[in-house]
Protein chains: 2
Amino acid sequence: MGTTQLESVPEPKYWHLKTVLNDALDSEFEVGEILPNERDLAARFGVARATLRQALEQLELEGRLQRRRGVGTTVAPPRMGVSVGPAAHAWPGAGRDAWETAGCVEAVPAAAIAALLGTGADEAVHTIRRARVMRGQPVAAELLYVPRSSVPGLSADLTPAAHAPAVLRELHALPLEGEDRAVELGSARAEDAKQLDRLPGAPVLVVTSRYYSAGRVAAVSVATYRADTCKLTFGDAGAFEVTHHQEDRAQAS
Amino acid sequence: MGTTQLESVPEPKYWHLKTVLNDALDSEFEVGEILPNERDLAARFGVARATLRQALEQLELEGRLQRRRGVGTTVAPPRMGVSVGPAAHAWPGAGRDAWETAGCVEAVPAAAIAALLGTGADEAVHTIRRARVMRGQPVAAELLYVPRSSVPGLSADLTPAAHAPAVLRELHALPLEGEDRAVELGSARAEDAKQLDRLPGAPVLVVTSRYYSAGRVAAVSVATYRADTCKLTFGDAGAFEVTHHQEDRAQAS
DNA sequence: TAGTGGTCTAGACCACGAA
DNA sequence: TCGTGGTCTAGACCACTAG
């Protein structure tokens with residue numbers, strides 16, 4: 001036939017639904033506004049609830065929606081730009097960063113962490129758990145590993161409350177020579193999820209950083225950022241001022 | 001009662017299933033090996049196929065599995081470390097990077113891109129579509145936006161084949177003063193998905209870069225990386241040599 | 001207690017890839 | 001043609017939040 005193909009690859013329902021909802025969010029809803037519940041929405045669009053949920057899941061992954069059990073689905077604000085350095089080479093937690101220390105223990109890290117640190121397989125290191133907070137929301141859960149050899153001046157007996165601050169103080173006194181970073185997609189484990197106020201399995205951006213001093217790795221940080229609410233920024237120039245909504249429209253066009 | 005709670009928060013089946021499968025992948029399967037099909041696996045674990053798929057989806061998101069329609073589910077190799085600069089300040093595509101130009105047009109970009117570039121809302125810019133290939137696999141689809149004012153020396157009439165190389169040549173001749181970067185989670189649109197050999201909606205890491213020259217934004221790049229197969233690396237030090245499997249075990253411990 | 005999202009089931013059909 | 005993963009349905013029950 002001489003006619004053009006109408007739809008050689010028929011679009012899945014949930015994909016079309018996602019587009020429709022995305023447009024509706026731009027034109028008919030305000031940030032923070034609550035959507036109709038899933039059963040009503042599914043009925044309104046004439047699909048099964050599971051199909052609707054497939055569309056909602058994608059929109060949540062893209063940071064357009066926020067869903068909370070027992071509450072409802074709300075329109076998410078634009079993603080927060082979160083600087084993850086290297087902003088004028090600095091030790092983690094130095095400066096006026098909103099990091100909150102949640103605890104500190106000395107423990108043998110996982111094999112992969114020990115490999116990054118260059119420590120022995122059975123060597124205990126200072127392990128500091130921290131939370132990063134922006135605009136009153138937790139955005140990241142971090143585990144900071146500091147070998148004992150990096151902070152030799154540490155006094156032997158410390159109260160739990162004094163432990164983390166003392167390690168950080170010693171660490172910040174070292175000359176920082178360089179840093180390394182890697183970013184990959186992961187899913188939140190139970191402990192991190194709790195700290196991030198999300199369910200286990202929520203998508204996160206895992207940032208693994210190595211800090212160098214005296215030609216060695218002086219510390220390693222594994223920080224898991226909420227992928228739905230955060231946009232990680234790198235580099236020395238100013239933060240991107242474009243809003244998330246504009247970027248979405250850019251992608252859609 | 002004086003007994004401790006057994007499970008105040010009962011673990012979802014798919015979550016437990018994911019753990020079991022993850023361990024099995026480490027101990028009983030080789031990279032590239034094909035798993036039993038979903039119907040058999042579901043029956044073996046005594047769950048519905050949808051529940052099994054929920055576990056498989058998470059494992060695929062974490063880069064442990066690769067699923068292809070009509071073929072089957074295979075054990076994925078460790079994620080590739082992909083450098084996304086700033087590696088000795090360089091224009092995109094300079095050096096021996098495995099970028100393949102797919103096309104080039106002059107078009108008015110989306111409003112968000114125009115805002116990043118600082119161009120007028122109706123101003124056409126050179127738009128180059130490229131693919132980044134590593135180890136024979138496509139890892140990223142990129143759109144590179146170059147305003148006409150950044151490459152004033154460009155001859156007016158160019159054949160389509162000569163267009164992109166000419167723009168890149170002019171761009172690389174400029175002095176690069178700095179760069180900006182942001183990383184966020186997104187889902188692949190149809191065009192990018194095709195280029196990445198994935199289905200639309202596949203999770204991607206969107207890297208937005210601004211390149212500065214003469215105090216202005218000389219080019220903007222929006223690159224979407226396959227989130228399942230890529231680990232983005234930043235910084236000047238050598239690449240992380242830890243394998244993905246080790247990292248997974250580190251997370252799990 | 002009522003209403004929300006989260007989990008789970010047992011089916012069905014479709015699109016794709018390989019033989 | 002056959003087996004695979006991808007989509008979709010119409011239910012059900014559970015966990016959580018708020019009033």
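Protein chains get the first letters and strands the later ones, always in sequence-line order, with residue 1 at the start of each.
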In terms of side-chain heavy atoms, does Tyr225(A) have a donor or acceptor partner in Arg132(A) at a distance below 3.5 Å?
yes
Can you tell me whether the side chain of Arg39(A) and the base of dG11(D) have a donor-acceptor pair closer than 3.5 Å?
no
If you compare every side-chain N and O of Arg67(A) against the phosphate oxygens of dG6(C) (OP1, OP2), does one of them come in below 4.0 Å?
yes
Report yes if the side chains of Val84(B) and Thr233(B) come closer than 4.5 Å at any heavy-atom pair, otherwise no.
no
Nearest listed nucleotide, side chain of Ala50(A), among dA10(C), dT9(D), dG6(C)
dT9(D)
For dG3(C), does OP1 or OP2 lie under 4.0 Å from any side-chain N or O of Asn37(A)?
no
Over 60° means perpendicular and under 30° means parallel, so tell me whether His126(B) and His163(B) are parallel, tilted or perpendicular.
perpendicular
So, is Tyr14(B) close to the dT7(C) phosphate, meaning a side-chain N or O under 4.0 Å from OP1 or OP2?
yes
Winner on side-chain proximity to Thr51(B), out of dT9(C), dT7(D), dG6(D), is dT9(C)
Is there a donor-acceptor contact under 3.5 Å linking the side chains of Thr208(A) and Lys231(B)?
no
Now, which nucleotide makes the Watson-Crick or G-U wobble pair with dG19(D), with each of the two distances under 3.5 Å?
none
Measure from the side-chain heavy atoms of Val47(B) and tell me the nearest of dG6(D), dG6(C), dT9(C).
dT9(C)
Heavy atoms only, 4.0 Å cut-off, all strands: where does Arg68(B) land among base, sugar-phosphate and nothing?
sugar-phosphate
Whole angstrom value for the distance that separates C1' of dA10(C) from NZ of Lys13(B)
13 Å
Any Arg49(A) side-chain nitrogen or oxygen under 4.0 Å from OP1 or OP2 of dA10(D):
no
Let's see if you can work this out: which of dT9(C), dG5(C), dG5(D) has an atom nearest to the side-chain heavy atoms of Ala48(B)?
dT9(C)
